[in-house]
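One-based numbering along the sequence shown.
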Amino acid sequence: MPREAGAPWLGGPTGAADIVAVTGQSLARGRARAITREPVDPRRAFRLTGGPVAEGPQAVSGPLVPLAETVVESIASGFAGQLLSNDRRRSVIVVGQAAGGQPYAAVRKGAVTGVHERTVSQVGAAAGLASARARAVLVLHGETDGVLGNAAYDRDLLEWLGAFEADLAPFLADGERLALLICQTSSVSGYARGRRSRDAFVTPFLQCAAARANLRILLVGPKYQYDYLDPAHLDAASTRAHGELFAKVYAEAVIGGAAWRPMGPDRVTVAGHRIVIDFHVPISPLVIDDTTIADPGHAGFCLVDAGTCRIADVAVTGPSQVTVGLSHDPPAGARLSYAFHNGEDGHSGRRYGARGCLRDSDPTPSATTGAALRNWCVAFEHRIDE
């Protein structure tokens, strides 16, 4: 299946180094013990001393040193390794600052933590040490705002993009605009206990809304397909794989200029006791994969607020289509959700958390394992009207 047409704001290939910043909560820093101890590429992948991603008041500084993980595994090495494995002309500098457990209000520009300002300062330091330009900020964030029920998180992401673009303008190439790459929070079952708490945890849906609202916010996909250390944090191998997913989207959209959308619903049609969902599938066909993901039931679909109406079956009915069969016609106000209302409280990830089994057929191989970097469907919810 061909990729979508290019987006005019995005840049093209360059021989100069790319500066990529990582920010957000503890997932941005990483929590699992580092496994990428050797430099990714000592001549083409770099970090600042003290990095790649600092947390809280931790300081980083020059000079540039070869990129490797130190104490914990961040997405930095997976990102750089994947990017450089497919582009021999490029080099990359990864910098970053995070603040564990902090909502947007505490990491935004001007907040007391100084995370935003430290991130900008690191980009400036890297640009002063090399012939390099800023291209993107990678954001791993949203869990605390989900717990807090922040219903304005989509607007927060738009504001975040604007703040970074304004402050990083001196380090962008002429005529180029910054990209904000985000990932969907997939730990609603890890954090939120009970239906009321889950329904208030709206950041996954607002991340999708922000990406629809601005083409420079690129949602790389969800995180339920990974293994977790605890209800919130990925293990080291999954962290590295997640960095590779960021790199795949970065190469395609930021460097290659292609439009990017994650796998997700395009159209939902209710016809009697059937719900037909047509998906955007980056590389067709759509697949129900219950080998990688332990099926939570009905491939991850749930029907809530539906009285006695129940899901009877779920089937792939086209290369980009799924049909959900119901016991009878659903009442108005019922909600069909995916990868959200299932999973065990206190758990996240592909075996026990809120999850689903829908993915595309992207064959892009991981630079470390060779496994295909599939695009998994984002969590979503659709309300059935009369």
Checklist line | Donor-acceptor contact below 3.5 Å, side chain T23 vs main chain V139 | finding: no

Notebook entry, point to check: Any side-chain heavy atom of I283 sitting closer than 4.5 Å to one from T364?
Noted result: no

Checklist line | N/O donor-acceptor pair under 3.5 Å between Y338 side chain and C357 backbone | finding: yes

Next item on the list: Would you please test H116 and D167 for side chain to side chain donor-acceptor pair (under 3.5 Å) and show each step?
Entry: CA-CA 10 Å; H116 177 89; D167 290 345; 2.8 Å; yes

Check: Can we say D18 and R90 salt-bridge, meaning some charged N sits less than 4.0 Å from an Asp/Glu carboxylate O?
Finding: yes

Margin query: Let me confirm one number: the CG-CG distance from L84 to D87, rounded to the nearest 0.5 Å.
Written below: 7.5 Å

Margin query: Applying the side-chain contact (heavy atoms from CB on, under 4.5 Å) criterion to I277, which one of T323, L336, T269 satisfies it?
Written below: L336

Next item on the list: Indicate yes or no: does R216 engage E165 in a salt bridge with an N to O separation below 4.0 Å.
Entry: yes

Note to self: Under a 4.0 Å threshold between the charged nitrogen and the carboxylate oxygen, would D227 count as salt-bridged to R350?
What the structure shows: yes

Item checked: Reported CZ-to-CD distance for the pair R198 and E381, which is rounded to 0.5 angstrom -> 12.0 Å

Next item on the list: Salt-bridge test for R195 and D305: reply yes if a basic N is under 4.0 Å from a carboxylate O, no otherwise.
Entry: yes

Note to self: If I compare all heavy atoms of V60 with all of A54, which pair ends up nearest, and what's the gap?
What the structure shows: CG1-CB, 3.7 Å

Next item on the list: With side chain to side chain contact (heavy atoms under 4.5 Å, CB included) as the test, would you mind laying out the steps for R335 and D199 before giving the verdict?
Entry: CA-CA 11 Å; R335 290 178 289 153; D199 284 344; 3.1 Å; yes

Margin query: Measuring from atom CZ of R240 to atom CD of Q82, what distance do you get when rounded to the nearest 0.5 angstrom?
Written below: 11.0 Å

Check: Okay, side chain of E117, backbone of G110: is any donor-acceptor separation there less than 3.5 Å?
Finding: yes

Next item on the list: State plainly whether the residues R133 and D174 are in salt-bridge range, i.e. N to O under 4.0 Å.
Entry: no

Next item on the list: Please report the shortest heavy-atom distance between A111 and A105, naming the atom on each side.
Entry: CB-O, 3.5 Å

Item checked: Mutual orientation of the aromatic rings belonging to H141 and W160 [parallel < 30°, tilted 30-60°, perpendicular > 60°] -> perpendicular

Next item on the list: Say whether, by atom type as modelled, one donor and one acceptor occur between the side chain of R29 and the main chain of G100 under 3.5 angstrom.
Entry: no

Check: Nearest heavy-atom pair of A151 and V202: which atoms, and what distance?
Finding: CA-CG2, 4.3 Å

Checklist line | I217 reachable from Y153 in the ILVMFWY side-chain graph, under 4.5 Å edges | finding: yes

Notebook entry, point to check: Are F380 and V188 connected, step by step, through hydrophobic side chains (Ile, Leu, Val, Met, Phe, Trp, Tyr) whose heavy atoms are closer than 4.5 Å?
Noted result: no

Item checked: Exercise: identify the closest heavy-atom pair between R374 and L245 -> O-CD1, 4.1 Å

Checklist line | Verify same cluster id: V20, L373 (apolar side-chain graph, 4.5 Å) | finding: no

Margin query: Working note: V72 + E55, criterion side chain to side chain contact (heavy atoms under 4.5 Å, CB included); need CA distance, chi angles, decisive distance, verdict.
Written below: CA-CA 11 Å; V72 296; E55 188 166 10; over 6 Å; no

Notebook entry, point to check: Without hydrogens or angle criteria, can the side chains of K248 and N375 be said to hold a donor-acceptor pair below 3.5 Å?
Noted result: yes

Next item on the list: Is it possible for you to say whether L181 and V94 belong to one hydrophobic cluster, with membership spreading through side-chain heavy-atom contacts below 4.5 Å?
Entry: yes

Check: Under the side-chain contact (heavy atoms from CB on, under 4.5 Å) test, which residues partner L168, sequence neighbours left out?
Finding: V120, V123, V137, F164, F171, L178

Next item on the list: Write down the atom of A210, the atom of L157, and the distance for their closest heavy-atom approach.
Entry: CB-CD1, 3.8 Å

Notebook entry, point to check: Does any donor atom in the side chain of Q102 or T113 lie under 3.5 Å from an acceptor atom in the other side chain?
Noted result: no

Note to self: For L219, is there any backbone N or O sitting under 3.5 Å from a side-chain donor or acceptor partner on W260?
What the structure shows: yes

Next item on the list: Using modelled atom types only, decide if a donor and an acceptor are shared between the side chain of S361 and the backbone of P285 within a distance under 3.5 Å.
Entry: yes

Next item on the list: Check T203 against G146 and note the closest heavy-atom contact, atom names and distance.
Entry: CG2-N, 3.4 Å

Next item on the list: Let me see the working for Y191 and T185 under side chain to side chain contact (heavy atoms under 4.5 Å, CB included), right down to the final yes or no.
Entry: CA-CA 11 Å; Y191 282 96; T185 54; over 6 Å; no

Next item on the list: For the pair S74 and E69, evaluate side chain to side chain donor-acceptor pair (under 3.5 Å) and give the outcome as yes or no after the intermediate values.
Entry: CA-CA 7 Å; S74 74; E69 304 297 335; 3.1 Å; yes

Checklist line | Check: S77/T36 side-chain N/O donor and acceptor closer than 3.5 Å | finding: no

Margin query: Side-chain heavy atoms nearer than 4.5 Å, only ILVMFWY residues, links allowed to pass through others: does that put L64 and I19 together?
Written below: yes

Notebook entry, point to check: Just how far is it from atom CG of L129 to atom CZ of F46, taken to the nearest 0.5 Å?
Noted result: 11.0 Å

Checklist line | Check: Q25 side chain, G142 main-chain N or O, donor-acceptor pair, under 3.5 Å | finding: yes

Margin query: Between D230 and R31, does any side-chain N to carboxylate O distance fall below 4.0 Å?
Written below: no

Item checked: Gap between atom CG of L83 and atom OG of S85 - 0.5 Å precision -> 8.0 Å

Item checked: Side chains of P103 and N150 in contact at under 4.5 Å (non-hydrogen atoms) -> no

Margin query: Let me confirm one number: the CG-CZ distance from D313 to F301, rounded to the nearest 0.5 Å.
Written below: 12.0 Å

Item checked: Q122 side chain vs G96 backbone, donor-acceptor pair below 3.5 Å -> yes

Check: Is the backbone N or O of R310 less than 3.5 Å from a side-chain atom of S327, with the two atoms forming a donor-acceptor pair by type?
Finding: yes

Next item on the list: For I182 and L218, run side chain to side chain contact (heavy atoms under 4.5 Å, CB included): C-alpha distance rounded to whole Å, both residues' side-chain angles, the deciding distance at 0.1 Å, then the answer.
Entry: CA-CA 6 Å; I182 66 173; L218 304 173; over 6 Å; no

